[in-house]
Protein chains: 2
Amino acid sequence: MPRDGAKTKQRIMDAAQAQVLERGFAATSVDAIQEAAGISRGTFFYHFPSKDDLARAVIERYAEEDRGLVNDLMARAESLASDPLQHALIFLGLLEEVFRETGAGEAGCLFASYSYEAGLFDERTDALIIGSIELWRRTLGGKLEAALERHPAKLPDTDPYVLADMAYGVLQGAFIFGRTLSDPSVMVTHVRQFRSFLELLFEVGLPTESTASTVPDALERKSSP
Amino acid sequence: MPRDGAKTKQRIMDAAQAQVLERGFAATSVDAIQEAAGISRGTFFYHFPSKDDLARAVIERYAEEDRGLVNDLMARAESLASDPLQHALIFLGLLEEVFRETGAGEAGCLFASYSYEAGLFDERTDALIIGSIELWRRTLGGKLEAALERHPAKLPDTDPYVLADMAYGVLQGAFIFGRTLSDPSVMVTHVRQFRSFLELLFEVGLPTESTASTVPDALERKSSP
DNA sequence: TATGTTAAACTGACTGGTCAGTATATTACT
DNA sequence: AGTAATATACTGACCAGTCAGTTTAACATA
């Protein structure tokens, strides 16, 4: 039965992440994690020298997944069109798809969870969260900046990076919304609404928005973790 | 020094709220609150039978302030114009003003904080948070619904309540943003951007958005709590 | 005398963390 | 092949400290 420590470690982190999203880090005891993961107390401390080390490991794994998802989605968007504005729009469409399929909107965002317990963590954790914001800015904001150079925006003085920040904010807001109302569909609705706003801003003429698929049928590729 | 129990109670709640926003409720000990409020341990339990009672009192006070602010701002907006769309836009403009003046964007939203520790609280607390969302929906969503009946929206199938929800979400997102980057101006920027989107959606023709004041000069009235 | 406040001592549950020891599987030795 | 050695994975009891909450006795104000 024994012999794969890596798997156990992941199980511990899975259990921890789920509980942190539900009650916060401080209120999640080592005992509760250990029990949920189906291991003993000693095993926990064998894998993690302290509870704080677990906190860091969990958020680092989360940040890495996040990075992977963003990069993957944008790469896919880029392979589906050549115009930067389309890249941005398809990127958001793919994101919408991910939320629709995984229903991740109910769980919430670990960055936000940590942020509301910021006093418990060190600067390294803060840096991870800020890093996630910066990646988003580079990825989506950069595309919108390029889009602005080609397409006229209906609002003058449009700052593409403010748009990107706001998109990130919409996601965060939708997470809280989805959690509070136990309704994962909010995630999808809000992302879609934001994309519609972008289309309006750039005068992309989809005369009837309708409820049809907003992403080319071509992409059946599974979304990453 | 002694003699006003109500004031002491408020001081306790102030200290608690500040600490909860910084590290979350679970990580905020009674001792720490008591020390920050400058009172003794006995006094704390004289005013609050338990820590949970404090939690409820703090969120109830917060919900009441929130309700007061929303109602106040919308009432003021209504006194400044007669069109429901203008009511909605001025409402958001006034909100922007509040955030600009108070710098409340750095602190964060107590609803969100509680939401990310939801497992610790009972249904009454959940109900308060949901109630705040519903008030927002009624207040802003109702206006936008009325606006849609008079003004054509550039996007068909526009649901005014989705717009209202999304505005709430933008606020929540901006709170997290402001906290994480220690930049209260995000609050203002995001609200303004959202309002611009609404103007675009309803084709309100401000040909040059510019940086001029977006709210009539007439209102010097102080914003509520 | 009512209410508000203090200070300190105490309880019991629970916390993060330690530790001595056990089990399992791989490798090394003969 | 058989056995000893070893690194990794895991266990459960235990410890010291912190937590929320209680109790008690005194004191201040109005």
Side-chain angles (χ1 to χ4, degrees), chain A residues 1-59 61 113-114 117-122 124-125, chain B residues 1-59 61 113-114 117-122 124-125:
Chain A
M1 162 102 26
R3 226 32 17 200
D4 192 356
K7 229 165 199 164
T8 305
K9 200 166 182 175
Q10 291 298 316
R11 272 221 317 283
I12 296 174
M13 290 165 79
D14 292 343
Q17 180 167 324
Q19 297 203 32
V20 167
L21 281 172
E22 205 170 302
R23 338 171 202 174
F25 179 76
T28 298
S29 73
V30 172
D31 270 350
I33 295 169
Q34 161 248 110
E35 197 173 343
I39 55 152
S40 74
R41 197 169 169 68
T43 301
F44 177 92
F45 285 102
Y46 171 77
H47 287 286
F48 299 97
S50 77
K51 196 191 169 195
D52 284 333
D53 282 278
L54 167 75
R56 195 160 33 76
V58 169
I59 195 78
R61 184 182 68 163
S113 175
Y114 274 52
E117 284 181 293
L120 307 180
F121 309 109
D122 57 11
R124 287 175 63 182
T125 299
Chain B
M1 162 116 10
R3 231 15 32 191
D4 191 355
K7 228 166 200 165
T8 303
K9 200 165 182 174
Q10 291 298 316
R11 272 223 315 284
I12 296 174
M13 289 165 79
D14 291 342
Q17 181 167 324
Q19 296 203 34
V20 167
L21 281 172
E22 205 171 303
R23 347 176 191 163
F25 179 76
T28 298
S29 73
V30 171
D31 272 350
I33 294 169
Q34 163 248 111
E35 194 173 345
I39 54 148
S40 73
R41 196 170 166 72
T43 301
F44 177 92
F45 285 103
Y46 172 78
H47 286 286
F48 299 97
S50 77
K51 197 191 169 194
D52 283 335
D53 282 277
L54 167 74
R56 196 161 30 75
V58 168
I59 195 79
R61 184 181 69 162
S113 175
Y114 274 52
E117 283 182 293
L120 307 180
F121 307 109
D122 57 12
R124 286 175 63 184
T125 298

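Letters go in sequence order (proteins before strands), and every chain restarts at 1.
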Of the nucleotides [options], which one has an atom closest to the side chain of [X]?
| X | options | value |
| --- | --- | --- |
| Y46(B) | dG4(C), dA7(C), dG16(C) | dG4(C) |
| R41(A) | dC10(D), dA13(D), dA20(D) | dA13(D) |
| S29(B) | dA20(D), dG17(C), dG21(D) | dA20(D) |
| T8(B) | dC19(D), dT6(C), dT5(C) | dT5(C) |

Please give, in whole Å, the distance from [N] [atom2] to [X] [atom1]?
| X | N | atom1 | atom2 | value |
| --- | --- | --- | --- | --- |
| D31(A) | dG12(D) | CG | P | 12 Å |
| E35(A) | dT11(D) | CD | C1' | 15 Å |
| F25(A) | dT15(C) | CZ | C1' | 12 Å |
| K51(B) | dT18(D) | NZ | P | 16 Å |
| F44(A) | dC19(C) | CZ | C1' | 17 Å |
| D53(A) | dG17(C) | CG | C1' | 12 Å |
| H47(B) | dT3(C) | NE2 | P | 13 Å |
| I39(B) | dC27(D) | CD1 | P | 21 Å |

Exercise. Checking side-chain contact (heavy atoms from CB on, under 4.5 Å) for the pair R61(A)/D14(A): CA distance, chi angles, key distance, verdict?
Worked result: CA-CA 10 Å; R61(A) 184 182 68 163; D14(A) 292 343; 2.9 Å; yes

For this session: If dC27(D) has a Watson-Crick or G-U wobble mate with both distances under 3.5 Å, name it; if not, just say none.
Result: dG4(C)

For this session: Describe the nucleic acid contact of T43(B) in one word from base, sugar-phosphate, nothing, applying a heavy-atom distance below 4.0 Å.
Result: base

Exercise. When we call it a touch if two heavy atoms are under 4.0 Å apart, what does S40(B) touch: a base, just sugar-phosphate, or nothing?
Worked result: base

For this session: Verify, without hydrogens or angle tests, whether E117(A) (side chain) and G24(A) (backbone) share a donor-acceptor contact under 3.5 angstrom.
Result: no

For this session: Any chance you could lay out the side-chain contact (heavy atoms from CB on, under 4.5 Å) test for I12(A) and I39(A), step after step, and finish with the verdict?
Result: CA-CA 8 Å; I12(A) 296 174; I39(A) 55 152; 3.5 Å; yes

For this session: Take the angle between the ring planes of F121(A) and Y114(A) and call it parallel below 30°, perpendicular above 60°, tilted in between.
Result: parallel

Exercise. Heavy atoms, side chains only, cut-off 4.5 Å: are T8(B) and T43(B) in contact?
Worked result: yes

